[in-house]
Structures are given as C-alpha cells and as structure tokens.
Amino acid sequence: MATLTVPDSLPSPIEDAESLRKAFKGWGTNEKAVIAVLAHRNATQRKLIRLAYEELYEEDLIKRLESELSGDLEKAVYRWMFESAERDAILANVAVKNGTIDNRVIIEIASIRSPDELLEVKRAYHARFKRSLEEDVASHTTGDFRKLLLSLVGTYRYDGDEINGRLALSEAKILHDAIEEKNFSHEDIIRILTTRSKAQLNATFNRYKDEYDTAITKGLAGDSDEFVSALRVIIKSICSPHKYFEKALRNAINKKGTDEDAITRVIVTRAEKDLNEIKEAYYKRNNVTLNRAIAKDTSGDYKAFLLALLGD
C-alpha cells in the first residue's frame, strides 16, 4: 500500500500552480509551502500542476524548482516530480554516467519492476537521452558484469504465476552445483536469474532450500566479490522486494554518514506503491518505526518532505 496522502478536497491544478509561484516570490523560497502542495499530490496531479504552471507562467516548473531549492531537498523534489518510468530512467542514467556503474540501482529497476514497467523505463530512457539503456550499460561494463546486467535489462520476463516444478528442481541443482564450485559467473546462473519469471525463480529458490537445507543466498554469503554481491541483490530483490528495500534503508540510515541518496531513492520511488509494507518490514526488523528513524537521521525541510511522503 502507498503512504502518499492526498486531501479529499483538492485545489485545482491552476490554484496549486499559483500557490507554488507565490512560494517562489519574495526573499527566499517558502519551502514549507512547496512541500505542502507537492508532497500531497499523486503523479497525475503533479503532471497537471506542471502543465498549468507552464501555461500560466511560460516556465518549466521542474527547472524553477531546481533553481529555488537546494541540497537533498532539491534532489528529492526533482525526482518526485516525474512519473515513475521517467524517474527510473533518470535514476538509471545517473547510475551509469559517472564512470563507475552503480549496479545496485540498475538491478533494482530491472528486477523489481514488472516486465511492462521495465519496458516503459527503457522507452523513457530512449526518449530522454537519445540512447538505449542497454547501450549505456554495455559501454560502462565489461566481462561477466556486462553479460549479467545486459541480460537483466534486455529480457522481457514472463509475468504469470504458472510454475514448472520439475524445472524448479533441476535448476535448483544447477545453481547449487555452480555455487558449490564457486563458479559464480557460470552462464547458467546468469541465464536462470535473468530470464526466468519471478514466480518460477521463487519456486526454484524454495526447492533449493528444501533440497539442500539452506537458502541460496547463504551459499553466496561471505564473499566480498562485487559480482557475487550483485547476484545476492538480484535474488533478494526478486524473493522479497519489501525486505530488500527495508535493508537498503537500514544500511543507508546506519551508515557512517547517512546515505541520503539511497533514502531518497527508496522513499520517492515507493511512496505511491508499497512503502507501507516496507515500513512494516522496517519496524519488524528494527523495532523502531521508519518515520522515527528518518526523523532522527535527517533534518530541516528535507526531513519534512520525506516524512510527508511517509504519511506523517
């Protein structure tokens, strides 16, 4: 369930645009007024506000927000203003353009989004950056990483619930044998993890645990190799996205020097989807609410914006 709260009685997009314009005027931006509007509007409403603002003031609202806001708040609001597919395209581009690819972000987008959602992300990426996501991933990776990530972003997985029990058993053995031999980049590991449906993979992971009395991630634990770490991310994000995001937030909050970028990414991308379930997983794992942890670890208007998206 989403955590985004939208008032029952809403101003029109024109009235919201006028409220934002008023927040920009005078000595310094009224960030609280900006948050009061944008943190309580869904994607469709935000798009209508952008259109109304441009029609009224002949100015791009997102560019104006970039110039009016700063720091972590600016980054969070900027990402929030886009619809899901374009936002993911921007996140993916940031992940590949700095020379060292942030494979965790690419894996999140490719593994957690549905096949149709991933297709929309790739279309948005192409439209915005005039290149394909596959092209950019390929140009920033080499060897086994290139094979793994290209297969992840390039495959259109079957999205149904049907599973093949025999296939789950046989592929559990293939995965087990490769992991036991520490042949982590075996072509069958890449093939299975990047092409099978999520339902089929979960069946395979369950058979792995039944047959070998251990979770598949245990066989990959303790290895600091970056490729093995990527395999763990793929498996965890497919097995339990809510637990995966809970851990991402926990690591970002507990990290020496808060990882605001990771916090922003999870909250902004999940607030309209399943952030309530992620909050429940966080409380179950840490015995403290996510709202309280965020409030303790962030400050100012950035904190206020995040808490608003969290439903506070």
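As the structure is a prediction and not an experimental result, all values here were calculated from the model. Numbering of residues begins at 1 and proceeds along the displayed sequence.
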Chemist: Classify the angle between the aromatic ring planes of Phe145 and Phe227 as parallel (below 30°), tilted (30 to 60°) or perpendicular (above 60°).
Modeler: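 Judged by the thresholds at 30° and 60°, the geometry between Phe145 and Phe227 is perpendicular.
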Chemist: Is the backbone N or O of Glu74 less than 3.5 Å from a side-chain atom of Glu66, with the two atoms forming a donor-acceptor pair by type?
Modeler: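 Such a contact is absent between Glu66 side chain and Glu74 backbone.
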Chemist: Minimum heavy-atom separation for Ala172 to Tyr208, with atom names?
Modeler: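 Closest approach of Ala172 to Tyr208, heavy atoms only: O-CD1, 3.6 Å.
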Chemist: Please report the closest heavy-atom contact between Glu18 and Leu56, naming both atoms and the distance.
Modeler: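 In terms of heavy atoms, the two residues are closest at CG-CD1, 4.2 Å.
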Chemist: With sequence neighbours left out, write down each residue that passes side chain to side chain donor-acceptor pair (under 3.5 Å) with Asp259, or none if nothing qualifies.
Modeler: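 Expected list: none.
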Chemist: Under the ring pair (Phe, Tyr, Trp, His ring centres under 6.0 Å) test, which residues partner His186, sequence neighbours left out?
Modeler: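 Counting only residues at least two positions away or on another chain, His186 forms no ring pair (Phe, Tyr, Trp, His ring centres under 6.0 Å).
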Chemist: Report the C-alpha separation of Asp116 and Tyr156 in whole Å, then their side-chain angles, then the decisive distance to 0.1 Å, and conclude whether the side chain to side chain contact (heavy atoms under 4.5 Å, CB included) test is met.
Modeler: CA-CA 8 Å; Asp116 285 340; Tyr156 186 88; 2.4 Å; yes
Chemist: Out of the candidates Gln200, Arg166, Arg191, only one should pair with Glu171 under the side-chain hydrogen bond (donor to acceptor under 3.5 Å, both in side chains) rule; please name it.
Modeler: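 Of all the options given, the one that passes is Arg191.
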Chemist: Considering residues at least two apart in sequence or located in another chain, which fulfil the side chain to side chain donor-acceptor pair (under 3.5 Å) criterion with Asp177?
Modeler: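 Result, side chain to side chain donor-acceptor pair (under 3.5 Å) vs Asp177: Lys173.
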Chemist: Under 3.5 Å, is there a donor on one side chain and an acceptor on the other for Tyr53 and Asp60?
Modeler: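 The answer is no; no qualifying pair exists.
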Chemist: So with a 6.0 Å cut-off around CD1 of Ile14, is the heavy-atom count from everything else above 12?
Modeler: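 Not more than 12 within 6.0 Å, no.
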Chemist: Can any side-chain N or O of His40 pair as donor or acceptor with the backbone N or O of Thr5 at less than 3.5 Å?
Modeler: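 Yes; at least one donor-acceptor contact below 3.5 Å.
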Chemist: Are Val34 and Leu10 linked, directly or through other ILVMFWY residues, by side chains that come within less than 4.5 angstrom of each other?
Modeler: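 In one cluster with Val34: Leu10, yes.
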Chemist: Rounded to the nearest 0.5 Å, what separates atom CG in Leu175 from atom CD1 in Ile235?
Modeler: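 It is 7.5 Å, given to the nearest 0.5 Å.
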Chemist: If a pair satisfies salt bridge (charged side-chain N to carboxylate O under 4.0 Å, His left out) and one of its residues is in residues 293-312, list it, with sequence neighbours excluded.
Modeler: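 Non-adjacent pairs meeting salt bridge (charged side-chain N to carboxylate O under 4.0 Å, His left out): Lys32-Asp301.
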Chemist: Is the shortest heavy-atom distance from the side chain of Ile238 to the side chain of Arg157 under 4.5 Å?
Modeler: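 In short, these two side chains touch, coming nearer than 4.5 Å.
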Chemist: Stepwise, does the side chain to side chain contact (heavy atoms under 4.5 Å, CB included) test hold for Glu134 with Lys122?
Modeler: CA-CA 8 Å; Glu134 291 92 335; Lys122 293 197 289 184; 3.0 Å; yes
Chemist: Counting C-beta onward and ignoring hydrogens, is there a side-chain heavy-atom pair between Arg41 and Pro7 closer than 4.5 Å?
Modeler: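 Yes, their side chains come closer than 4.5 Å.
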Chemist: Taking all non-hydrogen atoms of both residues, which atom of Ile90 and which atom of Phe129 are closest, and how far apart?
Modeler: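 For Ile90 versus Phe129, the nearest heavy atoms are CA-CZ, 4.2 Å.
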Chemist: Output every pair passing side chain to side chain donor-acceptor pair (under 3.5 Å) with a member in residues 76-88, not counting sequence neighbours, ordered by first then second residue.
Modeler: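 Side chain to side chain donor-acceptor pair (under 3.5 Å) check on residues 76-88 returns Tyr78-Arg128, Arg79-Asp261, Ser84-Lys273, Glu86-Arg128, Asp88-Arg113.
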Chemist: Any side-chain heavy-atom pair from Glu108 and Tyr244 closer than 4.5 angstrom?
Modeler: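 In short, these two side chains touch, coming nearer than 4.5 Å.
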Chemist: Check Thr217 against Arg232 and note the closest heavy-atom contact, atom names and distance.
Modeler: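 Here Thr217 and Arg232 meet closest at O-CD, 4.4 Å.
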Chemist: In terms of hydrophobic clusters joined by side-chain contacts under 4.5 Å, are Ile267 and Leu91 together?
Modeler: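 No, because Ile267 and Leu91 fall into different hydrophobic clusters, even though each may have its own neighbours under 4.5 Å.
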Chemist: Considering all heavy atoms of both residues, which atom of Tyr282 and which atom of Val288 are nearest to each other, and what is their separation?
Modeler: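 Looking at all heavy atoms of both residues, the shortest contact is CD2-O, 3.4 Å.
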Chemist: How long is the straight-line distance from CD1 of Ile234 back to CZ of Arg104, given to the nearest 0.5 Å?
Modeler: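 Rounded to the nearest 0.5 Å, the CZ-CD1 separation comes out at 11.0 Å.
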Chemist: Can you give me the closest heavy-atom contact between Glu31 and Leu73, atom names plus distance?
Modeler: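 Looking at all heavy atoms of both residues, the shortest contact is CG-CD2, 3.8 Å.
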Chemist: Just checking, is any N or O donor in the side chain of Glu226 or Asn103 under 3.5 Å from an acceptor N or O on the other one?
Modeler: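 Looking only at side-chain atoms, Asn103 and Glu226 do form a donor-acceptor pair, the distance falling under 3.5 Å.
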Chemist: Determine whether Arg131 and Asn93 make a side-chain contact, defined as any pair of heavy atoms from C-beta on separated by less than 4.5 Å.
Modeler: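 They are in side-chain contact.
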Chemist: If you define the side chain from C-beta out and look only at heavy atoms, does anything of Ile112 sit under 4.5 Å from Arg270?
Modeler: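 A side-chain contact under 4.5 Å exists here.
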Chemist: Calculate, to the nearest 0.5 Å, the distance between atoms NE2 and CG belonging to His242 and Leu275 respectively.
Modeler: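 Nearest 0.5 Å value for the NE2-CG distance: 9.5 Å.
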Chemist: For Glu55 and Ala52, indicate whether the former's side chain and the latter's backbone hold a donor-acceptor pair under 3.5 Å.
Modeler: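 No, because the side chain of Glu55 does not come within donor-acceptor range (under 3.5 Å) of the backbone of Ala52.
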Chemist: Which is it for Leu61 and Leu51 under the side chain to side chain contact (heavy atoms under 4.5 Å, CB included) test, yes or no, and what are the steps along the way?
Modeler: CA-CA 8 Å; Leu61 174 57; Leu51 293 171; over 6 Å; no
Chemist: Find out whether the Lys NZ or Arg CZ of Arg21 is both under 6.0 angstrom from the six-membered ring centre of Tyr57 and within 45° of the ring's axis.
Modeler: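 Yes, Arg21 lies over the aromatic ring of Tyr57.
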Chemist: Inspect the contact between Glu246 and Lys243 and indicate whether a charged nitrogen and a carboxylate oxygen are less than 4.0 angstrom apart.
Modeler: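 Looking at Lys243 and Glu246, the cut-off is not met.
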Chemist: Below 4.5 Å, heavy atoms only, C-beta onward: do Leu307 and Thr298 meet side chain to side chain?
Modeler: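 The answer is no, as the side chains (C-beta and beyond) never meet within the 4.5 Å cut-off.
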Chemist: Determine, using the 4.5 Å side-chain heavy-atom cutoff (strictly less than), whether Leu150 and Ile109 are members of one ILVMFWY cluster.
Modeler: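 No, Leu150 does not connect to Ile109 through the hydrophobic network.
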Chemist: Grouping I, L, V, M, F, W and Y whenever their side-chain heavy atoms are under 4.5 Å apart, do Leu249 and Met1 come out in a common cluster?
Modeler: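 Each belongs to a different hydrophobic cluster.
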Chemist: Has Lys130 got a side-chain atom pairing as donor or acceptor with Ala127's backbone, closer than 3.5 angstrom?
Modeler: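 Present.
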Chemist: State, with a plain yes or no, whether a side-chain heavy atom of Ile106 is found less than 4.5 Å away from one of Leu152.
Modeler: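 No - every pair of side-chain heavy atoms lies 4.5 Å or more apart.
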Chemist: Would you say Phe24 ends up clustered with Phe305 if hydrophobic residues are merged whenever their side chains have heavy atoms under 4.5 Å apart, either directly or through other cluster members?
Modeler: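 Same hydrophobic cluster.
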Chemist: Going by heavy atoms in the side chains, are Thr155 and Leu118 under 4.5 Å from each other?
Modeler: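 Heavy-atom side-chain distance check fails, nothing below 4.5 Å.
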Chemist: Does NZ or CZ of Arg50 come closer than 6.0 Å to the centre of the six-membered ring of Phe82, within 45° of the ring's axis?
Modeler: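 Yes, cation above the ring, under 6.0 Å and within 45°.
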Chemist: Go through it in stages, so that I can follow the logic: the residues are Thr258 and Ile263, the test is side chain to side chain contact (heavy atoms under 4.5 Å, CB included), and I'd like the CA-CA distance, side-chain angles, deciding distance and then a yes or no.
Modeler: CA-CA 9 Å; Thr258 305; Ile263 291 173; 3.4 Å; yes
Chemist: Side chain to side chain donor-acceptor pair (under 3.5 Å) with Glu211: which residues, sequence neighbours excluded?
Modeler: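 Partners of Glu211 by the side chain to side chain donor-acceptor pair (under 3.5 Å) criterion, ordered by chain and then number, come out as Arg207.
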